[in-house]
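Residue indices begin at 1 and follow the sequence shown. Counting starts at 1 for both ligands and their atoms, following the listed order.
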Amino acid sequence: MADGDQSAKRVKPGMEDQGNIHAEATTPSYILTRDATDRNTFNEAVWGRVFNHRRDTNRIPIAVAQASCVAHVREAVELANSKQCRVSVRSGGHSWAAWSVRQDAILVDLAELQHMAYDKKTKIVSCSPSATGEQLNDFLKVEGRMFAGGHCPDVGLGGFLLQGGRFPAIVTSFHLLTRPFLQMYNCVYVYPQSMFRTVFQWVIDICPTADPETEIVCLAKRTSDGNDIEIVAGFLSFKPSKEEAEKAMRRVHDSRPAGAKVEIFCEPTDFACQYAGQREEQPTGHRFCSENAYIDNDADDVPGVLEKAFTSLPTQKSFALYFSMNPTSRRPLPDMAHSMQSDHYFALYTIWDDATDDAQCTGWVHDIMKDVQRHSAGSYMGDADFQHRTTRFWSRENGERLRDVRRKWDPEGRICGYLDADDSSGVQGLKNEFEWVDKTDE
Ligand SMILES: Cc1cc2nc3c(=O)[nH]c(=O)nc-3n(C[C@H](O)[C@H](O)[C@H](O)COP(=O)(O)OP(=O)(O)OC[C@H]3O[C@@H](n4cnc5c(N)ncnc54)[C@H](O)[C@@H]3O)c2cc1C
(Lines give C-alpha, C1' and ligand atoms only; values in the text may rest on other atoms or scores of the structure.)
Protein backbone atom coordinates (compact mmCIF):
# COMPACT_ATOMS: atom_id res chain seq x y z
CA MET A 1 0.00 0.00 0.00
CA ALA A 2 1.17 3.50 -0.66
CA ASP A 3 0.56 6.91 0.76
CA GLY A 4 -0.40 8.64 -2.45
CA ASP A 5 -1.86 11.96 -3.47
CA GLN A 6 -5.45 12.12 -2.29
CA SER A 7 -6.35 14.33 -5.25
CA ALA A 8 -5.11 11.83 -7.85
CA LYS A 9 -8.24 10.21 -9.26
CA ARG A 10 -8.19 7.02 -11.32
CA VAL A 11 -10.90 7.76 -13.85
CA LYS A 12 -11.09 5.91 -17.15
CA PRO A 13 -10.79 8.12 -20.27
CA GLY A 14 -14.21 9.18 -21.52
CA MET A 15 -15.84 8.58 -18.13
CA GLU A 16 -14.47 11.63 -16.37
CA ASP A 17 -17.81 12.72 -14.90
CA GLN A 18 -19.15 9.33 -13.86
CA GLY A 19 -17.26 9.28 -10.58
CA ASN A 20 -18.69 12.51 -9.23
CA ILE A 21 -21.79 13.32 -7.26
CA HIS A 22 -22.46 16.97 -7.81
CA ALA A 23 -23.67 18.66 -4.67
CA GLU A 24 -27.28 19.52 -5.26
CA ALA A 25 -29.65 21.44 -3.03
CA THR A 26 -31.23 18.06 -2.28
CA THR A 27 -28.03 16.32 -1.13
CA PRO A 28 -28.64 15.62 2.57
CA SER A 29 -26.16 17.17 4.99
CA TYR A 30 -25.01 13.76 6.32
CA ILE A 31 -23.64 12.92 2.85
CA LEU A 32 -20.25 14.52 2.20
CA THR A 33 -19.43 14.53 -1.49
CA ARG A 34 -15.91 14.46 -2.84
CA ASP A 35 -16.37 17.43 -5.15
CA ALA A 36 -18.18 19.76 -2.73
CA THR A 37 -16.50 19.09 0.60
CA ASP A 38 -13.46 20.83 1.97
CA ARG A 39 -10.48 18.55 1.29
CA ASN A 40 -9.41 18.09 4.93
CA THR A 41 -12.96 17.44 6.10
CA PHE A 42 -13.46 14.86 3.36
CA ASN A 43 -10.12 13.21 4.04
CA GLU A 44 -10.97 12.93 7.73
CA ALA A 45 -14.38 11.41 6.88
CA VAL A 46 -12.68 8.83 4.64
CA TRP A 47 -9.66 7.90 6.79
CA GLY A 48 -10.23 9.28 10.30
CA ARG A 49 -11.72 6.04 11.65
CA VAL A 50 -9.38 3.62 9.85
CA PHE A 51 -7.22 1.84 12.44
CA ASN A 52 -4.24 0.96 10.23
CA HIS A 53 -2.05 3.96 9.35
CA ARG A 54 -0.52 2.07 6.40
CA ARG A 55 -3.08 3.26 3.87
CA ASP A 56 -3.57 3.32 0.13
CA THR A 57 -4.79 6.88 -0.22
CA ASN A 58 -5.07 6.46 -3.98
CA ARG A 59 -8.47 4.93 -3.28
CA ILE A 60 -10.99 7.78 -3.05
CA PRO A 61 -14.75 7.32 -2.55
CA ILE A 62 -17.08 9.78 -4.28
CA ALA A 63 -19.01 10.38 -1.08
CA VAL A 64 -19.18 9.45 2.59
CA ALA A 65 -22.63 8.96 4.10
CA GLN A 66 -22.44 9.45 7.87
CA ALA A 67 -25.60 7.51 8.59
CA SER A 68 -27.26 7.85 11.98
CA CYS A 69 -30.49 5.96 11.21
CA VAL A 70 -31.68 3.19 8.92
CA ALA A 71 -33.35 5.71 6.59
CA HIS A 72 -29.93 7.28 5.93
CA VAL A 73 -28.52 3.90 4.93
CA ARG A 74 -31.44 3.31 2.57
CA GLU A 75 -31.06 6.78 1.03
CA ALA A 76 -27.34 6.26 0.48
CA VAL A 77 -27.99 2.97 -1.33
CA GLU A 78 -30.73 4.60 -3.43
CA LEU A 79 -28.30 7.36 -4.36
CA ALA A 80 -25.76 4.72 -5.39
CA ASN A 81 -28.45 3.02 -7.50
CA SER A 82 -29.26 6.26 -9.27
CA LYS A 83 -25.57 7.07 -9.84
CA GLN A 84 -24.75 3.47 -10.78
CA CYS A 85 -21.86 3.37 -8.33
CA ARG A 86 -20.87 0.94 -5.59
CA VAL A 87 -21.52 1.16 -1.85
CA SER A 88 -18.94 0.29 0.80
CA VAL A 89 -19.60 -0.14 4.51
CA ARG A 90 -17.73 0.75 7.67
CA SER A 91 -18.61 -0.37 11.19
CA GLY A 92 -15.55 -0.27 13.45
CA GLY A 93 -12.91 0.68 10.85
CA HIS A 94 -10.55 -2.12 11.91
CA SER A 95 -10.17 -4.14 8.72
CA TRP A 96 -6.39 -4.23 8.21
CA ALA A 97 -6.59 -3.27 4.52
CA ALA A 98 -9.32 -0.61 5.06
CA TRP A 99 -11.93 -2.58 3.12
CA SER A 100 -14.41 0.27 3.59
CA VAL A 101 -12.42 2.73 1.44
CA ARG A 102 -13.08 1.99 -2.24
CA GLN A 103 -12.49 3.91 -5.42
CA ASP A 104 -15.56 5.87 -6.59
CA ALA A 105 -17.90 4.18 -4.10
CA ILE A 106 -20.29 5.77 -1.62
CA LEU A 107 -18.90 4.89 1.80
CA VAL A 108 -21.65 4.30 4.36
CA ASP A 109 -20.11 4.94 7.77
CA LEU A 110 -22.24 3.49 10.57
CA ALA A 111 -20.43 5.16 13.50
CA GLU A 112 -23.43 7.32 14.37
CA LEU A 113 -25.97 4.52 14.02
CA GLN A 114 -26.10 3.35 17.61
CA HIS A 115 -28.51 1.21 19.55
CA MET A 116 -28.29 -1.61 22.06
CA ALA A 117 -31.04 -3.49 23.90
CA TYR A 118 -31.09 -6.73 25.90
CA ASP A 119 -34.07 -9.07 26.15
CA LYS A 120 -33.94 -10.87 29.51
CA LYS A 121 -36.39 -13.53 28.37
CA THR A 122 -34.60 -14.65 25.20
CA LYS A 123 -31.10 -13.60 26.39
CA ILE A 124 -30.63 -11.98 23.00
CA VAL A 125 -28.91 -8.62 22.67
CA SER A 126 -29.79 -6.40 19.70
CA CYS A 127 -27.13 -3.91 18.69
CA SER A 128 -25.84 -1.77 15.88
CA PRO A 129 -22.87 -3.05 13.81
CA SER A 130 -20.61 -0.18 14.90
CA ALA A 131 -20.83 -1.36 18.52
CA THR A 132 -17.46 -2.67 19.64
CA GLY A 133 -16.80 -5.82 21.64
CA GLU A 134 -15.87 -3.71 24.65
CA GLN A 135 -19.05 -1.60 24.50
CA LEU A 136 -21.18 -4.71 24.15
CA ASN A 137 -19.57 -6.56 27.05
CA ASP A 138 -19.73 -3.46 29.29
CA PHE A 139 -23.43 -3.29 28.53
CA LEU A 140 -24.02 -7.01 29.13
CA LYS A 141 -22.02 -7.23 32.36
CA VAL A 142 -24.83 -5.95 34.57
CA GLU A 143 -27.05 -8.68 33.10
CA GLY A 144 -24.45 -11.33 33.98
CA ARG A 145 -24.01 -12.12 30.26
CA MET A 146 -21.27 -11.77 27.63
CA PHE A 147 -20.61 -12.09 23.89
CA ALA A 148 -17.32 -13.27 22.40
CA GLY A 149 -16.25 -10.50 20.00
CA GLY A 150 -12.75 -9.51 18.87
CA HIS A 151 -9.95 -9.55 21.43
CA CYS A 152 -9.11 -5.96 20.51
CA PRO A 153 -11.69 -3.81 22.36
CA ASP A 154 -12.39 -1.53 19.39
CA VAL A 155 -13.10 -4.06 16.63
CA GLY A 156 -16.62 -3.41 15.30
CA LEU A 157 -19.16 -6.22 15.45
CA GLY A 158 -20.07 -5.52 11.81
CA GLY A 159 -16.71 -6.52 10.39
CA PHE A 160 -16.01 -9.11 13.08
CA LEU A 161 -19.18 -11.04 12.22
CA LEU A 162 -19.29 -10.45 8.45
CA GLN A 163 -15.72 -9.65 7.31
CA GLY A 164 -15.03 -7.70 4.16
CA GLY A 165 -17.05 -8.47 1.09
CA ARG A 166 -18.68 -11.63 2.33
CA PHE A 167 -22.14 -10.16 2.87
CA PRO A 168 -23.84 -8.62 -0.20
CA ALA A 169 -26.00 -6.15 1.76
CA ILE A 170 -25.75 -3.76 4.72
CA VAL A 171 -26.66 -5.05 8.16
CA THR A 172 -28.13 -2.34 10.40
CA SER A 173 -28.83 -4.47 13.46
CA PHE A 174 -27.56 -7.76 14.90
CA HIS A 175 -29.53 -10.00 17.24
CA LEU A 176 -26.99 -12.04 19.18
CA LEU A 177 -27.50 -14.86 21.63
CA THR A 178 -25.42 -14.08 24.71
CA ARG A 179 -23.76 -16.55 27.08
CA PRO A 180 -23.34 -16.49 30.88
CA PHE A 181 -20.59 -14.24 32.13
CA LEU A 182 -18.06 -16.26 34.12
CA GLN A 183 -15.01 -15.19 36.09
CA MET A 184 -11.68 -15.20 34.25
CA TYR A 185 -8.37 -16.67 35.47
CA ASN A 186 -5.02 -16.41 33.78
CA CYS A 187 -2.07 -18.83 33.67
CA VAL A 188 1.01 -17.42 31.95
CA TYR A 189 4.45 -18.96 31.39
CA VAL A 190 7.26 -16.95 29.79
CA TYR A 191 10.30 -18.74 28.31
CA PRO A 192 13.47 -17.70 26.49
CA GLN A 193 13.51 -18.02 22.70
CA SER A 194 15.92 -20.97 22.95
CA MET A 195 13.02 -23.05 24.36
CA PHE A 196 10.68 -22.32 21.44
CA ARG A 197 10.35 -25.91 20.19
CA THR A 198 9.87 -27.47 23.64
CA VAL A 199 7.25 -24.94 24.72
CA PHE A 200 5.41 -24.95 21.41
CA GLN A 201 5.17 -28.74 21.29
CA TRP A 202 3.93 -28.79 24.90
CA VAL A 203 1.13 -26.36 24.01
CA ILE A 204 0.14 -28.41 20.95
CA ASP A 205 0.19 -31.68 22.90
CA ILE A 206 -1.78 -30.51 25.91
CA CYS A 207 -4.53 -28.74 24.02
CA PRO A 208 -6.75 -31.67 22.87
CA THR A 209 -7.36 -32.86 26.43
CA ALA A 210 -7.17 -29.50 28.21
CA ASP A 211 -10.17 -27.81 29.80
CA PRO A 212 -12.61 -26.80 27.01
CA GLU A 213 -13.46 -23.48 28.71
CA THR A 214 -9.87 -22.30 28.42
CA GLU A 215 -8.39 -20.25 25.59
CA ILE A 216 -4.88 -21.46 24.79
CA VAL A 217 -2.30 -19.36 22.95
CA CYS A 218 1.42 -19.29 22.36
CA LEU A 219 3.04 -16.09 21.21
CA ALA A 220 6.42 -14.64 20.45
CA LYS A 221 7.27 -11.05 21.28
CA ARG A 222 10.36 -8.99 21.89
CA THR A 223 11.69 -8.36 25.41
CA SER A 224 11.35 -4.75 26.61
CA ASP A 225 15.01 -3.99 25.80
CA GLY A 226 14.40 -5.38 22.28
CA ASN A 227 17.48 -7.62 22.40
CA ASP A 228 15.71 -10.96 22.67
CA ILE A 229 12.49 -12.71 21.81
CA GLU A 230 10.44 -14.47 24.46
CA ILE A 231 7.89 -17.24 24.05
CA VAL A 232 4.70 -16.86 26.08
CA ALA A 233 2.25 -19.70 26.72
CA GLY A 234 -1.08 -18.29 27.89
CA PHE A 235 -4.16 -20.07 29.28
CA LEU A 236 -7.25 -17.97 29.97
CA SER A 237 -9.96 -19.91 31.82
CA PHE A 238 -13.61 -18.92 32.11
CA LYS A 239 -14.86 -20.48 35.36
CA PRO A 240 -17.44 -19.74 38.09
CA SER A 241 -14.76 -19.75 40.85
CA LYS A 242 -11.01 -19.71 41.47
CA GLU A 243 -11.23 -23.16 42.96
CA GLU A 244 -12.69 -24.57 39.75
CA ALA A 245 -10.11 -22.73 37.65
CA GLU A 246 -7.27 -24.16 39.73
CA LYS A 247 -8.69 -27.65 39.40
CA ALA A 248 -9.05 -27.29 35.63
CA MET A 249 -5.57 -25.85 35.16
CA ARG A 250 -3.66 -28.11 37.54
CA ARG A 251 -2.61 -30.59 34.82
CA VAL A 252 -1.36 -27.78 32.58
CA HIS A 253 0.62 -26.29 35.43
CA ASP A 254 2.13 -29.59 36.52
CA SER A 255 3.21 -30.52 32.99
CA ARG A 256 4.85 -27.17 32.10
CA PRO A 257 8.43 -27.38 30.86
CA ALA A 258 11.02 -26.33 33.43
CA GLY A 259 12.95 -23.13 32.73
CA ALA A 260 10.21 -20.45 32.67
CA LYS A 261 11.36 -16.89 33.38
CA VAL A 262 7.89 -15.99 34.67
CA GLU A 263 5.09 -18.20 35.99
CA ILE A 264 1.58 -17.07 36.88
CA PHE A 265 -1.02 -19.60 38.04
CA CYS A 266 -4.74 -18.80 37.96
CA GLU A 267 -4.50 -15.08 38.59
CA PRO A 268 -7.95 -13.44 38.54
CA THR A 269 -8.46 -11.11 35.59
CA ASP A 270 -11.40 -9.46 33.80
CA PHE A 271 -12.47 -7.94 30.49
CA ALA A 272 -11.15 -4.48 31.42
CA CYS A 273 -7.71 -5.90 32.12
CA GLN A 274 -7.67 -8.12 29.01
CA TYR A 275 -8.84 -5.28 26.74
CA ALA A 276 -6.20 -2.94 28.22
CA GLY A 277 -3.51 -5.52 27.43
CA GLN A 278 -4.73 -5.79 23.83
CA ARG A 279 -4.75 -2.00 23.45
CA GLU A 280 -1.13 -1.93 24.52
CA GLU A 281 -0.15 -4.78 22.19
CA GLN A 282 -1.91 -3.26 19.17
CA PRO A 283 -1.44 0.47 19.68
CA THR A 284 -3.29 3.14 17.70
CA GLY A 285 -1.45 5.40 15.26
CA HIS A 286 0.80 2.66 13.84
CA ARG A 287 1.38 0.89 10.55
CA PHE A 288 0.37 -2.79 10.45
CA CYS A 289 0.72 -5.80 8.20
CA SER A 290 -1.26 -8.82 9.33
CA GLU A 291 -1.30 -12.32 7.83
CA ASN A 292 -2.43 -15.75 8.92
CA ALA A 293 -2.87 -19.43 8.13
CA TYR A 294 -4.63 -22.49 9.47
CA ILE A 295 -1.79 -25.02 9.49
CA ASP A 296 -2.89 -28.35 8.08
CA ASN A 297 -3.65 -31.06 10.67
CA ASP A 298 -1.38 -33.39 8.66
CA ALA A 299 1.64 -31.09 8.82
CA ASP A 300 4.55 -33.18 10.15
CA ASP A 301 6.30 -30.63 12.29
CA VAL A 302 4.15 -27.60 13.22
CA PRO A 303 6.83 -25.97 15.43
CA GLY A 304 9.26 -26.38 12.51
CA VAL A 305 6.82 -24.76 10.06
CA LEU A 306 6.41 -21.73 12.34
CA GLU A 307 9.91 -21.47 13.84
CA LYS A 308 11.20 -18.75 11.52
CA ALA A 309 8.10 -16.61 12.13
CA PHE A 310 8.41 -16.95 15.90
CA THR A 311 12.13 -16.29 16.10
CA SER A 312 12.78 -13.44 13.65
CA LEU A 313 10.27 -10.68 14.52
CA PRO A 314 11.36 -7.59 12.57
CA THR A 315 10.32 -4.79 14.96
CA GLN A 316 9.98 -4.19 18.70
CA LYS A 317 6.16 -4.18 18.73
CA SER A 318 5.54 -7.04 16.27
CA PHE A 319 4.31 -10.40 17.51
CA ALA A 320 3.48 -13.87 16.21
CA LEU A 321 0.46 -15.72 17.57
CA TYR A 322 -0.56 -19.37 17.70
CA PHE A 323 -4.08 -20.38 18.75
CA SER A 324 -4.53 -23.98 19.66
CA MET A 325 -7.96 -24.92 18.23
CA ASN A 326 -8.21 -28.65 18.99
CA PRO A 327 -10.75 -30.02 20.04
CA THR A 328 -12.96 -27.08 18.94
CA SER A 329 -11.68 -27.60 15.40
CA ARG A 330 -12.88 -31.23 15.42
CA ARG A 331 -16.56 -30.58 16.12
CA PRO A 332 -18.99 -30.68 13.18
CA LEU A 333 -19.93 -27.15 12.13
CA PRO A 334 -23.51 -25.94 11.79
CA ASP A 335 -24.76 -24.70 8.42
CA MET A 336 -22.78 -21.47 8.12
CA ALA A 337 -20.34 -19.75 5.78
CA HIS A 338 -17.40 -19.88 8.20
CA SER A 339 -16.13 -23.36 7.39
CA MET A 340 -12.34 -23.10 7.40
CA GLN A 341 -10.62 -24.49 10.45
CA SER A 342 -7.77 -26.70 11.56
CA ASP A 343 -6.13 -27.56 14.87
CA HIS A 344 -3.56 -24.78 14.47
CA TYR A 345 -4.29 -21.08 13.85
CA PHE A 346 -1.26 -18.91 13.23
CA ALA A 347 -1.15 -15.12 12.69
CA LEU A 348 1.45 -12.41 12.29
CA TYR A 349 0.92 -8.85 13.53
CA THR A 350 3.78 -6.73 12.23
CA ILE A 351 3.77 -3.25 13.72
CA TRP A 352 5.92 -0.19 13.01
CA ASP A 353 5.54 3.57 12.84
CA ASP A 354 7.64 4.91 9.99
CA ALA A 355 6.64 4.67 6.31
CA THR A 356 10.27 4.18 5.34
CA ASP A 357 10.09 0.73 6.99
CA ASP A 358 7.08 -0.39 4.91
CA ALA A 359 9.03 -2.43 2.38
CA GLN A 360 11.16 -4.20 4.97
CA CYS A 361 8.20 -5.07 7.23
CA THR A 362 5.77 -6.18 4.53
CA GLY A 363 8.64 -8.03 2.82
CA TRP A 364 9.29 -10.00 6.03
CA VAL A 365 5.62 -10.99 6.26
CA HIS A 366 5.41 -12.09 2.63
CA ASP A 367 8.66 -14.03 2.93
CA ILE A 368 7.36 -15.95 5.97
CA MET A 369 4.00 -16.67 4.33
CA LYS A 370 5.57 -17.90 1.09
CA ASP A 371 6.75 -21.01 2.95
CA VAL A 372 4.08 -21.32 5.65
CA GLN A 373 1.18 -21.30 3.15
CA ARG A 374 2.40 -24.58 1.66
CA HIS A 375 1.57 -26.29 4.95
CA SER A 376 -1.79 -24.59 5.35
CA ALA A 377 -5.41 -25.66 4.94
CA GLY A 378 -6.43 -22.04 4.28
CA SER A 379 -6.80 -18.75 6.11
CA TYR A 380 -9.12 -16.64 8.26
CA MET A 381 -10.50 -13.61 6.38
CA GLY A 382 -10.30 -11.23 9.33
CA ASP A 383 -6.49 -11.21 9.44
CA ALA A 384 -5.98 -11.44 5.66
CA ASP A 385 -5.37 -9.02 2.79
CA PHE A 386 -6.36 -10.57 -0.54
CA GLN A 387 -4.69 -7.78 -2.50
CA HIS A 388 -1.41 -9.56 -1.78
CA ARG A 389 -2.23 -13.22 -1.29
CA THR A 390 -5.25 -15.33 -2.11
CA THR A 391 -5.99 -18.68 -0.56
CA ARG A 392 -8.89 -20.79 0.69
CA PHE A 393 -11.22 -19.12 3.16
CA TRP A 394 -14.07 -21.65 3.17
CA SER A 395 -14.69 -25.30 2.40
CA ARG A 396 -15.07 -25.81 -1.35
CA GLU A 397 -18.84 -26.29 -1.08
CA ASN A 398 -19.48 -23.32 1.22
CA GLY A 399 -17.28 -21.07 -0.91
CA GLU A 400 -19.39 -21.92 -3.98
CA ARG A 401 -22.60 -21.37 -2.06
CA LEU A 402 -21.44 -17.97 -0.89
CA ARG A 403 -20.64 -16.96 -4.47
CA ASP A 404 -24.16 -18.04 -5.50
CA VAL A 405 -25.71 -15.99 -2.69
CA ARG A 406 -23.78 -12.91 -3.79
CA ARG A 407 -24.78 -13.34 -7.46
CA LYS A 408 -28.42 -13.91 -6.53
CA TRP A 409 -28.92 -11.03 -4.08
CA ASP A 410 -26.62 -8.41 -5.57
CA PRO A 411 -26.34 -9.27 -9.27
CA GLU A 412 -25.24 -5.73 -10.19
CA GLY A 413 -22.48 -5.66 -7.59
CA ARG A 414 -23.90 -2.60 -5.86
CA ILE A 415 -22.25 -3.57 -2.56
CA CYS A 416 -18.46 -3.67 -2.80
CA GLY A 417 -17.16 -7.21 -2.85
CA TYR A 418 -13.75 -8.40 -1.69
CA LEU A 419 -10.88 -5.96 -2.07
CA ASP A 420 -8.55 -8.13 -4.14
CA ALA A 421 -5.74 -6.89 -6.40
CA ASP A 422 -7.28 -4.11 -8.58
CA ASP A 423 -10.56 -4.47 -6.66
CA SER A 424 -11.90 -6.56 -9.53
CA SER A 425 -13.56 -9.64 -7.95
CA GLY A 426 -17.01 -7.95 -7.95
CA VAL A 427 -20.04 -10.24 -8.10
CA GLN A 428 -17.82 -13.25 -8.81
CA GLY A 429 -16.36 -13.19 -5.30
CA LEU A 430 -13.06 -14.85 -4.42
CA LYS A 431 -11.99 -18.07 -6.11
CA ASN A 432 -11.25 -19.82 -2.82
CA GLU A 433 -8.12 -21.46 -4.24
CA PHE A 434 -4.47 -21.69 -3.23
CA GLU A 435 -2.57 -19.39 -5.56
CA TRP A 436 0.54 -21.58 -5.38
CA VAL A 437 -1.05 -24.90 -6.38
CA ASP A 438 -0.54 -25.97 -9.96
CA LYS A 439 -4.05 -26.98 -11.11
CA THR A 440 -2.69 -30.26 -12.46
CA ASP A 441 -1.43 -31.17 -8.95
CA GLU A 442 -4.86 -31.05 -7.30
C1 LIG B 1 -6.18 -4.14 16.27
C2 LIG B 1 -7.02 -5.23 15.68
C3 LIG B 1 -7.30 -6.35 16.44
C4 LIG B 1 -8.08 -7.38 15.92
N5 LIG B 1 -8.37 -8.45 16.71
C6 LIG B 1 -9.17 -9.43 16.24
C7 LIG B 1 -9.54 -10.54 17.07
O8 LIG B 1 -9.14 -10.62 18.21
N9 LIG B 1 -10.34 -11.50 16.55
C10 LIG B 1 -10.80 -11.42 15.27
O11 LIG B 1 -11.54 -12.31 14.84
N12 LIG B 1 -10.45 -10.40 14.45
C13 LIG B 1 -9.66 -9.40 14.91
N14 LIG B 1 -9.31 -8.36 14.09
C15 LIG B 1 -9.76 -8.39 12.70
C16 LIG B 1 -11.17 -7.83 12.60
O17 LIG B 1 -12.12 -8.78 13.06
C18 LIG B 1 -11.52 -7.53 11.15
O19 LIG B 1 -10.58 -6.65 10.62
C20 LIG B 1 -12.92 -6.93 11.03
O21 LIG B 1 -13.26 -6.87 9.67
C22 LIG B 1 -12.99 -5.54 11.61
O23 LIG B 1 -14.33 -5.16 11.73
P24 LIG B 1 -14.72 -3.60 11.73
O25 LIG B 1 -16.19 -3.48 11.70
O26 LIG B 1 -14.00 -2.93 12.86
O27 LIG B 1 -14.05 -3.13 10.37
P28 LIG B 1 -14.61 -2.28 9.13
O29 LIG B 1 -13.38 -1.90 8.40
O30 LIG B 1 -15.52 -1.21 9.57
O31 LIG B 1 -15.44 -3.33 8.30
C32 LIG B 1 -14.79 -4.31 7.52
C33 LIG B 1 -15.71 -4.80 6.43
O34 LIG B 1 -16.71 -5.67 6.99
C35 LIG B 1 -17.91 -5.54 6.23
N36 LIG B 1 -18.94 -4.95 7.10
C37 LIG B 1 -18.75 -4.24 8.23
N38 LIG B 1 -19.92 -3.84 8.73
C39 LIG B 1 -20.87 -4.29 7.89
C40 LIG B 1 -22.28 -4.18 7.87
N41 LIG B 1 -22.95 -3.53 8.82
N42 LIG B 1 -22.97 -4.75 6.85
C43 LIG B 1 -22.31 -5.42 5.87
N44 LIG B 1 -20.97 -5.56 5.84
C45 LIG B 1 -20.25 -5.00 6.85
C46 LIG B 1 -17.61 -4.57 5.10
O47 LIG B 1 -17.18 -5.29 3.97
C48 LIG B 1 -16.49 -3.74 5.69
O49 LIG B 1 -15.73 -3.06 4.72
C50 LIG B 1 -8.55 -7.30 14.58
C51 LIG B 1 -8.25 -6.17 13.81
C52 LIG B 1 -7.50 -5.15 14.36
C53 LIG B 1 -7.16 -3.93 13.53
Test your reading of the structure: does [X] have an N or O sitting under 3.5 Å from an N or O of ligand 1?
| X | value |
| --- | --- |
| Gly156 | yes |
| Arg90 | no |
| Gly159 | yes |

For this session: Could you list which atoms of ligand 1 come closer than 4.0 Å to a heavy atom of Gly150?
Result: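 Every atom of ligand 1 under 4.0 Å from some heavy atom of Gly150: 7 (C), 8 (O), 9 (N).
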Exercise. Counting each atom of ligand 1 from 1 as listed, which ones have a heavy atom of Gly165 under 4.0 Å away?
Worked result: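 Near Gly165, the atoms of ligand 1 are 47 (O).
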Out of [options], who is nearest to [atom] when you count heavy atoms only?
| atom | options | answer |
| --- | --- | --- |
| atom 48 (C) of ligand 1 | Val89, Ile351, Asp385, Thr172 | Val89 |
| atom 20 (C) of ligand 1 | His94, Gln163, Glu281, Gln278 | Gln163 |
| atom 45 (C) of ligand 1 | Val73, Val108, Leu162, Val155 | Leu162 |

Consider ligand 1: state whether an atom of it lies below 4.0 angstrom from any non-hydrogen atom of [X].
| X | result |
| --- | --- |
| Tyr380 | yes |
| Gly93 | yes |
| Cys416 | no |

Exercise. Per the side chain to side chain donor-acceptor pair (under 3.5 Å) rule, which among Gln387, Arg102, Gln103 passes with Asp423?
Worked result: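 Answer to the side chain to side chain donor-acceptor pair (under 3.5 Å) test with Asp423 among Gln387, Arg102, Gln103: Arg102.
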Heavy-atom distances under 4.0 Å decide this one: backbone, side chain, both or neither, for [X] against ligand 1?
| X | answer |
| --- | --- |
| Pro129 | side chain |
| Ala169 | backbone |
| Leu110 | side chain |
| Trp99 | both |

Problem set entry | By side-chain contact (heavy atoms from CB on, under 4.5 Å) - contacts of Met340 (at least two apart) |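 Tyr294, Ala377, Arg392.
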Exercise. Does a donor on one side chain and an acceptor on the other come within less than 3.5 Å for Gln341 and Tyr380?
Worked result: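 No, no side-chain donor-acceptor pair sits under 3.5 Å.
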Exercise. Quick one: nearest non-hydrogen protein atom to atom 33 (C) of ligand 1, plus distance?
Worked result: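 Going by distance alone, atom 33 (C) of ligand 1 is nearest to Gly164 CA, 3.7 Å.
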